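Chain letters run A, B, ... following the sequence lines, proteins first, then strands; residues in each count from 1. Given the structure is predicted, the values throughout are model-derived calculations rather than measurements.
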Amino acid sequence: MNNKKIKNKQLIYEADKCPECGASHLIRDYSRAELVCNKCGFVVEEDLIDHGPEWRAFDSDERDKKTRVGAPVNYTIHDKGLSTVIGWQNRDYYGRYIPPRNRAQLFRLRKWQKRIRISDGTERNLASALTMLDKLSSGLNLPRIVRETAAMLYRKIASLKICRGRNMECVAAAVLYAACRQCNVPRTLREIGEIANIPKKEIGRNYRYISRKIQLRILPTSPRDYIPRFCSQLKLDNNVRVKTLEIINSAYGEELISGRGPSSIAAACLYIATLLCDVRITQREISIVAGVTEVTIRNRYKELVRKLDIEVSA
DNA sequence: AAGACGAAAGTGGTTGA
DNA sequence: TCAACAACTTTCGTCTT
């Protein structure tokens, strides 16, 4: 496979072809954990795992030192995946069978290790919260970094003991919401609420509480961040995506963004872009993937077209 | 007939007194 | 704590393609 390196993190695999447009320019975007076609924007694969070495290395000696050996530290498992477990085989260090009179002792050791590993309340809470986080992020198809970020955040608030007495599920959902925003892979409160079976009001409240307590500096979500996902779900090609981003950028110039729901702006800009690119797609279809109503798309769209002087042929 | 449009009434959240 | 407010939703009738 002929790999060409661009910018540090992205690799073009020229041998692979996009199943959508056939172009052979697939890009690995590790920040979003997606394999994306550079020509049409089709997301070929989600949830990529970075198998590469941890750092850049300049000679073979350095590479040996920095290559990943064993499993990486994993924040999504309560003991970071670093636990040692007493083996199930009844053999000793040399591979000899352990005599029956010592088996009972080994059995007791295993039992107590299991009990001690997830021993106190905080550990148990952490373990089940992380399981919960993982379940939610699978349901939402979230990339690995978001899961890791969420796990780190949860560890932080657990260690600060600021969420005692709060519903753990709500806190986990709020943490996941925060992680999504921090990684610029936004999901709406409603999307998370639906998967977690928690009213979005609760998640929002917990999110505000947490971000106030640990001084999370999270910028407001930009409509831009929704575009790759929407385009991919609607199977729109790259020029629509580029056009949409252009429209969003020009909308920033005219006080059209603040105060409005970012997903509404994203949906409206996407709609305008499809009209400009002569792509037939209904407001209804966009409204479904964007999670806003057609009416809202219309209102934003009218406003944008008026303020930005965009000519849209009917 | 499907989609776009827009009016009107209702909902949930924010803000400021 | 309450009212005012803007964004957004729901619903529904009308127009356009």
Under 3.5 Å, side chain of A/R166 to main-chain N/O of A/V171, donor-acceptor pair present?
no
Atom-pair distance (CG on A/N299; C1' on C/dA7), nearest Å:
10 Å
Does a nitrogen or oxygen in the side chain of A/Y301 sit under 4.0 Å from OP1 or OP2 of B/dA4?
no
Return the value, rounded to whole Å, for the distance between atom CD of A/Q283 and atom C1' of B/dA2.
12 Å
Pairing of A/E303 and A/R260 as salt bridge, 4.0 angstrom limit:
yes
Just how far, in rounded Å, is P of C/dC8 from CD1 of A/I265?
7 Å
Between B/dG3 (P) and A/I297 (CD1): distance, integer Å:
14 Å
Looking for any heavy atom pair under 4.0 Å, which part of the strands does A/T293 touch: base, sugar-phosphate only, or nothing?
base
Salt bridge present between A/R208 and A/E202 (N-O < 4.0 angstrom)
no
Nearest-nucleotide pick for A/R300, side chain only, options being B/dG3, C/dT11, C/dA7
C/dA7
Return no unless some side-chain N or O of A/R208 is found under 4.0 Å from OP1 or OP2 of B/dG13.
no
Is A/E246 salt-bridged to A/K243, cutoff N-O under 4.0 Å?
yes
Quickly work out the A/Y207 OH to B/dT14 P distance and round it to whole Å.
12 Å
Test the A/R187-A/Y226 pair against the cation-pi criterion, namely NZ or CZ under 6.0 angstrom from the six-membered ring centroid and within 45° of the ring axis.
no
Between A/V295 and A/I281, which is nearer to the 5' end of DNA chain B once each is assigned its nearest nucleotide?
A/I281
In the strands shown, is C/dT16 matched to any nucleotide by a Watson-Crick or G-U wobble pair with both distances under 3.5 Å, and which?
B/dA2
Do the side-chain N or O atoms of A/T296 get closer than 4.0 angstrom to the phosphate oxygens (OP1, OP2) of C/dC8?
no
In whole angstrom, give the distance that lies between atom CG of A/L189 and atom P of B/dT14.
10 Å
Hey, is the side chain of A/R298 pairing donor to acceptor with the base of B/dG6 inside 3.5 Å?
yes
May I ask you to verify if any side-chain N or O of A/K302 is less than 4.0 angstrom from the OP1 or OP2 atom of B/dG6?
yes
How close or far is atom C1' of B/dA4 from atom CD1 of A/I286, stated in whole angstroms?
13 Å
Starting at CZ of A/R284 and ending at C1' of B/dC5, how long is that distance when rounded to a whole Å?
15 Å
Taking the side chain of A/K201 as heavy atoms from C-beta outward, which of B/dG13, C/dA7, B/dG6 is closest to it?
B/dG13
Using only side-chain N and O atoms of A/S264, determine if any of them is under 4.0 Å from OP1 or OP2 of C/dC8.
yes
